[in-house]
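Here the structure comes first, spelled out in structure tokens, and everything after it is commentary.
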Amino acid sequence: MRLSGTNMFIPFLVAGDPHPDVTIDLALVLQAAGADVIELGVPYSDPLADGPIIQRASARALKQGMTLPDAIKLAGNMRKKGVKIPIIIFTYYNPVLQLGKESFFALAKENRVDGVLIPDLPFEESEPIRRLSAETGLPLISLVAPTSKERIEKIASQAQGFLYCVSSLGVTGVRDTLPEAINEFLAEVKQYSRVPVVVGFGISKSEQVQVLKEHCDGVVVGSALVQKVEELSDRLLQQETKQYALDEFRCYVEQLVAPLQEGADFCNEVRR
Amino acid sequence: MRLSGTNMFIPFLVAGDPHPDVTIDLALVLQAAGADVIELGVPYSDPLADGPIIQRASARALKQGMTLPDAIKLAGNMRKKGVKIPIIIFTYYNPVLQLGKESFFALAKENRVDGVLIPDLPFEESEPIRRLSAETGLPLISLVAPTSKERIEKIASQAQGFLYCVSSLGVTGVRDTLPEAINEFLAEVKQYSRVPVVVGFGISKSEQVQVLKEHCDGVVVGSALVQKVEELSDRLLQQETKQYALDEFRCYVEQLVAPLQEGADFCNEVRR
Amino acid sequence: MYNVPNENGRFGEFGGKFVPETLMRPLEEIERALNEALIDASFREEYMHSLREYSGRPTALTFAENITKQLNGARLYFKREDLNHTGAHKINNAIGQALLAKRMGKKKLIAETGAGQHGVAAATVAARFGMECIVFMGEEDIKRQELNVFRMKLLGAEVVPVYSGNRTLKDATNEAIRYWVQHCDDHFYMIGSVVGPHPYPKMVREFQRIIGDEAKEQFIKREGKLPDVVVACVGGGSNAIGMFYPFLEDDVELVGVEAAGKGIDTPYHAATITKGTKGVIHGSMTYLLQDEYGQITEPYSISAGLDYPGVGPEHAYLASIGRVRYESVTDEEALEAFQQLAREEGIIPAIESAHALAKAFQIARQRSKDETVLVCLSGRGDKDVQAMMTHLKGASEHAFIGN
Amino acid sequence: MYNVPNENGRFGEFGGKFVPETLMRPLEEIERALNEALIDASFREEYMHSLREYSGRPTALTFAENITKQLNGARLYFKREDLNHTGAHKINNAIGQALLAKRMGKKKLIAETGAGQHGVAAATVAARFGMECIVFMGEEDIKRQELNVFRMKLLGAEVVPVYSGNRTLKDATNEAIRYWVQHCDDHFYMIGSVVGPHPYPKMVREFQRIIGDEAKEQFIKREGKLPDVVVACVGGGSNAIGMFYPFLEDDVELVGVEAAGKGIDTPYHAATITKGTKGVIHGSMTYLLQDEYGQITEPYSISAGLDYPGVGPEHAYLASIGRVRYESVTDEEALEAFQQLAREEGIIPAIESAHALAKAFQIARQRSKDETVLVCLSGRGDKDVQAMMTHLKGASEHAFIGN
Ligand SMILES: Cc1ncc(COP(=O)(O)O)c(C=O)c1O
Ligand SMILES: Cc1ncc(COP(=O)(O)O)c(C=O)c1O
């Protein structure tokens, strides 16, 4: 996984929400809107690190029968349909265990996945996954949180791909404001990290993106996008309205991440 | 109080049920039907020794505002209206205490009451009342029960007026059958008693009276009569139907106690 | 020396046996059996064994840390009868009486109940000692104490609703006595408080004095001295007499707390000693609530266990000789104490006990910090929680339980 | 020597900390504080003092006279955790964790609850130790355990209904953890069983081993020897581990009893060890109920306290090394034991505890009269009485509660 390293936009989608085919369409839109990496979330029955928006999306996707192997294969299908940017599989640990750690990496590799993020696998428990990650060359993305403190150095120094900074205490979700201390936190993380440092959790406004971009190498946007998908989901599922919905999604995304990008003018074109 | 001493019939009425005036009428009917003594029950809020029939009658009489002094005065009125047979005031102890023991006896004397029965005043607690009874010459009627055993001698030997034998365990009420051991019980009581021995509690059929009369000097009939009053109460309260109801009451009574009496032919006359 | 009742069951002018002749011999039998049992070491051991091994005694003595701080007065302690098996002091007496019944060869128990605590206790010991049990309960109380009705039924007791009078404890007691009169040959009547004819007031006291015996020992161990004030609620008066008895000859202020309902100047209260007059109720000479003609009047209290127009004759005596002070607490004050104890100490008291607590808080607030107040926390409030929530919600739709 | 967990919180291959990075430092802080507290005599004294003076420990050991006679097999004893303040073993742990939170300077508690017993325990200690408390509870459980919801509110806790998933304990735990992630700077998460990430399984065991420590001493004093079999129900496993732990190195048969619901061959059970597979739930590697893709499936039990798809990692370990045998008991068998205990011994057990009882009865029946079986009676059944009556009425309109 090679990353530009600055002003990165990393969107998050729940695989299968509201339907696997639509997830591919959305990924293509995001790529067109300038995404640098796609985080493909595997829906889970007990998403401990997630707020209500992603919980609801997971429930919708589980109703579609989405599973971890399916989600990985969906990444493979994205490639076939033209997604070129790196794809990270975001999954809780338990499904990985049930699939089998080796099978998981093998299947991910086979489907040209570029990395793995397991939110409930902290550094101390990650040794077996790290080993397989090294063997397969699929980076395991690490997270640091405002509570990490003296753990930051240890985690940052071993980070692969990019380092995911959790903006604030809490689960995923949209937040009106981000904590004041975030700049110092990011500065400390950057001091130890050899890979790009991105920020996620709560980012839902272009003003937040504008401020953050000075202090990190990119942003992860999850709940805000998933919420938009939820809003559009009926239209995304109907052939006649799908394209309009995809356009509106793109429009929403471009506005949100405009501070990161130059020349993103699709939205204005649509308006015209 | 002078009593015939054999084949006595002692009816029980609740003072004020269903109305004080009616109680007098009923007493006159009972006298006409051959009653030897009238037990006039004072209604009480918590009649511990009474079954549901007399409880209900008490409640009705209490609603009429009947009190212990009123009940005693009612006895006086009975005299004025022609009741010649002895009248016993039957009352729980607490109203006596509130009226004052002395006032109670004075008022009773004044109203030509012939005796007193207090069902919740056993021998051991009766000393102050016995003293007043002796002073005023109003006998305190004693009770013996099937459980009295070695108490019988003590109680019977001090009995005044007549001695009231409780037929069986339990509170007042109508009973289909009387205990088999009753004859032995009565025999034992008679052995110690210097006054007539009567039986009460549960007597509600002429067959029972027939059997009992061989073994004692009389019967007390309470709940059976009170139940009949209850049945007739609406008619007893209306001027137009009252006489018919009183006739029916008399008829019922005469049949019930027929085994005790000769020549009671009112009932047959009515039928004719 | 304090030595009541006498052999006639009299506490001074109070007590005695005012019952139908049918019950006299059964009472004499119980008296004889009781007197033998009380001096029989093996009976005592059996009783103590059940208290320990079955009911979980001794119950704790708890220092009320937070409320003491809040009141800024005397140090407050609770004797935790709520920690007994079945949740109140009633089990002490039920165990004692059941063992006595067993000793007398009786295998069927009769009980009356108000709050349901004595009914549950009776049903419990019946199950444990292999007996049958029939419980009389006013229909109104059945509604107020649904949980306890379920418990009694599960324990295998028959619960008989009583429809007479106000359909509360007094009426249930009447019915229980009537049933007993009819079945006294093979049934044992297990009274739930220090009321009724002799020897019941004495018997129940003997089976409840364990509260005070333990508390006294625990208190001295904890504080190095006797408490200055001891407080207990008074329905029939069994937890109070159990608590007070071992302190009667000590220099300790004793306060019994009656239910003032909506106020002792309204007709809605159960403050028998405070407002009652002398008379006979349920076989005993005592104070009671009655009209001028001696008809017993209907008491009222938010608490089913205090909603009784009489009081144990020994309390009448203790009031008459001035050894115990009897005060009263309104529904509202009790409800306030009920909530306060839950929030400040994490203990939900029976609404009966909350009456004692309310008074104890008032007293402690007025005393100096080196004084101590000991309260009998007679039972737990699980049985009351639902009803109290309704009261509280009714009282102020918004003030309480916002969430 | 039995010495788990290791410093990584592993019981063999089970346990660990599978949590979001945000929680890692809070967990480390708790671990540090715990390890210090456990070797601090003053902490231990504070904990023991609260158990004694507030919760009423030691709880009794009761010989089941009647049932032993009935079964005609091994002698049966109960460790009476139902006699604890608030009615279950949960208070032992709640007191321990609250004191630890206090030591760490945290004044706000978070708790999840299923049957409501842990919620009540948490709300109780919050009141007693002057803390705030927020309790997450599945909406379904709120309906099943209304009494406990009222109790928590009265104790001043905020009860937050959880609408996700099956709306039971698992979902309440998810929400509690999410809330904790957001408030870990000033809140202490008080888990109610030996589940969750390290150091919780160890911490809760240390605060529950008082059950087994006391029981062992009491039993030896009573019978002059160790019990042959010890039985406890297993939801998360806290009463079981508390009971088993002091016996692990003794020659004593240990039996954990899971909820078989409508049968372990139906989809309606909560028999995690019996039917589950290895995986991660609520931060811990253990056995759990899941589908082939690792989605956690919905457990079912008549008992809200056993209705949990995971189990404490130490139980997974003890099962894997064969030291404890895990069996299961259906709703129906538990209901039967629930009634039997009420009728035969006068004790209404929690429906959770009734699972252990049902199995213990089965075992005792098959053993000789010189053997002994000790059961952890983890809680009282007041909270369940209403629901069980409905079940029983439903089951046979006429067979039960004729009156
Ligand atoms: C908990 C509790 N406390 C007190 C009482 C009042 O009874 P007594 O005055 O006999 O202690 C009751 C009666 O039911 C009760 O349940
Ligand atoms: C009385 C009782 N027993 C047992 C349990 C099960 O929990 P654990 O397995 O942690 O003891 C509960 C849970 O709520 C309970 O309330």
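What you see is a predicted model, and the numbers here were worked out from it, not measured in a lab. Sequence lines set the chain letters: A, B, ... in the order given, protein chains first and strands last, and positions in each chain run from 1. Because only heavy atoms are used, hydrogens play no part in the values below, and waters and symmetry mates are left out as well, while side chains stay in.
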Do [X] and [Y] have side-chain atoms, one donor and one acceptor, less than 3.5 Å apart?
X        : Y        : result
D:Asn8   : A:Glu124 : no
D:Glu292 : A:Gln98  : no
D:Ser164 : A:Gln55  : no

(message) Counting neighbours of CD on A:Glu127 that are heavy atoms of other residues, nucleotides or ligands and sit closer than 6.0 Å, is the number greater than 12?
(response) yes
(message) For A:Lys190, I'd like to know if atom NZ has over 12 heavy atoms of other residues, nucleotides or ligands within 6.0 Å.
(response)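 Atom NZ in A:Lys190 is packed in, count exceeds 12.
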(request) Would you mind telling me which of D:Lys17, D:His198, D:Arg10 makes a side-chain hydrogen bond (donor to acceptor under 3.5 Å, both in side chains) with A:Glu125? (result) D:Arg10
(message) Looking at every heavy atom in both A:Asn94 and D:Gly294, which two are closest together, and how far apart are they?
(response)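 Looks like ND2-O, 3.0 Å.
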[Y] side chain reached by [X] side chain, heavy atoms, under 4.5 Å:
X        : Y        : value
A:Val166 : D:Glu21  : no
D:Arg25  : A:Glu150 : yes
D:Ile177 : A:Leu48  : yes
D:Met24  : A:Lys149 : no
A:Leu121 : D:Phe18  : yes
A:Leu97  : D:Val280 : yes
D:Pro20  : A:Leu143 : no

What part of [X] is in contact with chain D, defined as an atom under 4.5 angstrom from a non-hydrogen atom: side chain, backbone, both or neither?
X        : answer
A:Asp50  : backbone
A:Tyr44  : both
A:Pro43  : backbone
A:Ile118 : neither
A:Val96  : neither

(message) Between D:Thr297 and chain A, with a heavy-atom cut-off of 4.5 Å, which part of the residue counts as in contact: side chain, backbone, both or neither?
(response)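 Nothing of D:Thr297, per the 4.5 Å heavy-atom cut-off to chain A.
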(message) Taking side chain as everything from C-beta outward and backbone as N, CA, C, O, which of these in D:Leu288 sits under 4.5 Å from a heavy atom of chain A? Side chain, backbone, both or neither.
(response)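 It is the side chain, since no backbone atom gets that close.
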(request) Determine which residues belonging to residues 169-179 of chain A lie within contact range of chain D, meaning some heavy atom pair is under 4.5 Å apart, and list them by number or answer 'none'. (result)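 Residues in range: A:Leu169, A:Gly170, A:Val171.
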(request) Between chain A and each of D:His183, D:His282, D:Gln182, count heavy-atom pairs under 4.5 Å; write down the option with the most. (result) D:Gln182
